[in-house]
Every structure is written in C-alpha cells, then in structure tokens.
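All remarks here apply to the structure that follows.
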Amino acid sequence: MNSSGLFKELIRHEFRNKGSWRKQSRNRLPRSWRLVYFSLFLIAAFVISLYFALHNQLELTRLWYVTLGLPYMIIFMGVGSLRREWENDTYGWWLTLPYPRMWLISAKWVATILQTIVVILLLFVVGSLYALFISSTIQPYTFADAASFVIAGFNWFVVIIAFTPFVIALGLLTVSTKFSTWRPISPILWIVLMGGGSVFYWSSDQGIYKQFDHAYAGQWLPFTWHFPVAVLISWLAAYAIIRLNAYLLEKKLSI
C-alpha cells in the first residue's frame, strides 16, 4: 500500500474510533437508556415547537438557535480525539506506530473534521425536513418560510464548517501541551478557546444572529470579502498549529 493509502487508513481508523472505553466502562447508564432519553428529548422538542407552530407563534428560522452550542461541541470533539489515547492508556502504542507524528496527528485532525461535517449534515437535513413538514401541513406557513429556514441554516453551517479546522487544531494543541514540557500553556489555550468563542458570539451578533431573523432570511451567503480572507487565514493557522502539535509529540513529550 502506498503512502496515500496508509494515511487514508489512519483517517478511517480515527473516524471510526468510539472514544474512551474506560469512560464507557465507568458509565452505569446503559447505552439503550441513553438512546431512550435522547429520543424523549427529541420528541419533547418536536411537540413544543409544533404547539407554537399550531398557534402561529413559531418563527421557523429561529429554530436554528438550538445549534448555537455546536461550535463548543466541536472544541470538545477535537480535544477528545487526542485525549482518549491517554485515557485509554494507548498513547504508547499510538506514538510507536511506524508513521511520522505529523501523519498521526493529521489523521486525528482530518477525521474529526469529517465527523463534524457528518453531524452538521444530519442536523441540516433533519431540520430542513421538519421545516418542510411544518410549511406543508400548518397554515399560514408556506414553502417560502421553509426556504428561508434552509438558507439561514446553510449560511450558519457554512460559517461553522469554515472555521472547524482551526478550532479542532486548537483543541488538539490543548492536549499536546498538557502532555508535553509546554504544560503551563495548556490552561491559557483553554481560556483562548472558551473565551474566544464567547467573544465571537458577542461581537458577531450582526453577522450571525440576524441570519435567524425573518427580516434577513433568504440571502444566500450574505458575507463580505472579509469572510473568505478570515477563513483562509484560519486554515493557514490551523496547518501551523498541526505542525506544532507534531513537533510537541516528537520532541517535547513529557509522560
């Protein structure tokens, strides 16, 4: 198998990884019950939103507000993809695989990005189908309302996906520094991640929140030229951070 094929196998392995088996073994709540609780939550959300829709008090585009915590979830996905090697006590095996450290950390990075995209696509499809259901069965909602909902969600998820590589790279770096001689930097990175996310929300209310208001709905990709420039800079920074991760795992590891 060539180098490209080997790297794809690493990505496939990371993508299928089920997380920390030690945490799962300590979890006394069976997986079936967790599925039941999650299903009950979805049913409750469906019933509540349907109630407001029947009373014409539901603005469809604002349903996307329930996904505002998604960027923080992505942070923890990035952190967990590397931290589980230490939680499972498999870091020694992982680090001694006959591949460059850049490959090892990049595989986790790419796999977590792909996992994020899958989650976002599922949310987008489910949300869009629900909006179509409301618009086709309840008056006075129309297909134009459903279209505005789809466009608003598309714009929002484009923003999330665009900056996901940078966010995940930073999440990986918080773990790499924790288990390296750069350990004192790890708490600072946590502050940057969590605090920076809060600043992003508060400072971008005119660019993000307004997409969920009916008055601004229906505009595909309503971004200025600053957006692609910021995305490009974040991708370059993400690549630099991944290389820094590889350097720490190669030269500065402290176990």
Side-chain angles (χ1 to χ4, degrees), residues 59-79 81 105-106 108-125 127-128 131 144-174 176-177 185-246:
E59 188 169 315
L60 283 179
T61 54
R62 293 192 175 183
L63 286 176
W64 289 123
Y65 275 113
V66 300
T67 65
L68 287 180
L70 188 57
Y72 288 105
M73 185 193 79
I74 295 171
I75 291 173
F76 289 103
M77 288 175 65
V79 170
S81 66
I105 196 67
S106 295
K108 288 185 178 293
W109 181 50
V110 174
T112 309
I113 292 172
L114 294 176
Q115 289 171 345
T116 300
I117 292 174
V118 169
V119 170
I120 288 175
L121 287 177
L122 286 174
L123 288 173
F124 183 70
V125 170
S128 299
D145 295 316
S148 296
F149 176 86
V150 170
I151 294 171
F154 178 82
N155 293 337
W156 167 233
F157 288 143
V158 164
V159 173
I160 296 179
I161 291 175
F163 290 101
T164 287
F166 176 72
V167 172
I168 292 176
L170 272 181
L172 292 169
L173 187 61
T174 61
S176 295
T177 54
I185 299 178
S186 187
I188 299 175
L189 290 173
W190 272 110
I191 294 173
V192 170
L193 273 171
M194 307 308 290
S198 300
V199 170
F200 172 76
Y201 280 119
W202 284 105
S203 64
S204 303
D205 57 336
Q206 293 302 311
I208 294 178
Y209 296 138
K210 76 177 183 181
Q211 298 304 314
F212 303 146
D213 292 332
H214 183 73
Y216 292 92
Q219 302 176 22
W220 291 97
L221 302 175
F223 310 118
T224 65
W225 63 269
H226 300 87
F227 177 72
V229 171
V231 171
L232 178 59
I233 293 173
S234 75
W235 288 356
L236 294 174
Y239 175 75
I241 293 171
I242 291 300
R243 295 213 50 104
L244 178 58
N245 272 287

Has S186 got a side-chain atom pairing as donor or acceptor with T174's backbone, closer than 3.5 angstrom? yes

Using atom types as modelled, flag every donor-acceptor pair under 3.5 Å from a side chain in residues 221-231 to any protein atom, sequence neighbours excluded.
from	atom 1	to	atom 2	distance (Å)
T224	OG1	H226	N	3.3
T224	OG1	H226	ND1	2.9

In Å, rounded to the nearest 0.5 Å, how long is the span from [atom1] of [X] to [atom2] of [Y]?
| X | Y | atom1 | atom2 | answer |
| --- | --- | --- | --- | --- |
| L232 | W235 | CG | CH2 | 7.5 Å |
| N245 | S176 | CG | OG | 3.5 Å |
| L189 | L173 | CG | CG | 5.0 Å |
| F166 | I241 | CZ | CD1 | 4.5 Å |
| T177 | L172 | OG1 | CG | 10.5 Å |

At their closest point, which heavy atom of [X] faces which heavy atom of [Y], and how far apart are they?
| X | Y | value |
| --- | --- | --- |
| A152 | T61 | CB-CG2, 4.3 Å |
| A169 | A238 | CB-O, 3.8 Å |
| P71 | V167 | O-CG1, 4.4 Å |
| A131 | A146 | O-CB, 3.9 Å |

Can you check whether W156 and F149 have ring centres sitting under 6.0 Å from each other? no

Please assess V79 against W190 for the test side chain to side chain contact (heavy atoms under 4.5 Å, CB included), listing each intermediate value before the final yes or no. CA-CA 10 Å; V79 170; W190 272 110; 3.8 Å; yes

Side-chain heavy-atom pair F157, L70 within 4.5 angstrom cut-off: yes

For residues 108-124, which side-chain N or O atoms pair as donor and acceptor with protein atoms under 3.5 Å away, sequence neighbours left out?
from	atom 1	to	atom 2	distance (Å)
K108	NZ	E14	OE1	3.0
K108	NZ	E14	OE2	3.3
K108	NZ	S81	O	2.9
K108	NZ	E85	OE2	2.8
W109	NE1	P165	O	2.9
T112	OG1	K108	O	2.7
Q115	NE2	F15	O	2.9
T116	OG1	T112	O	2.9

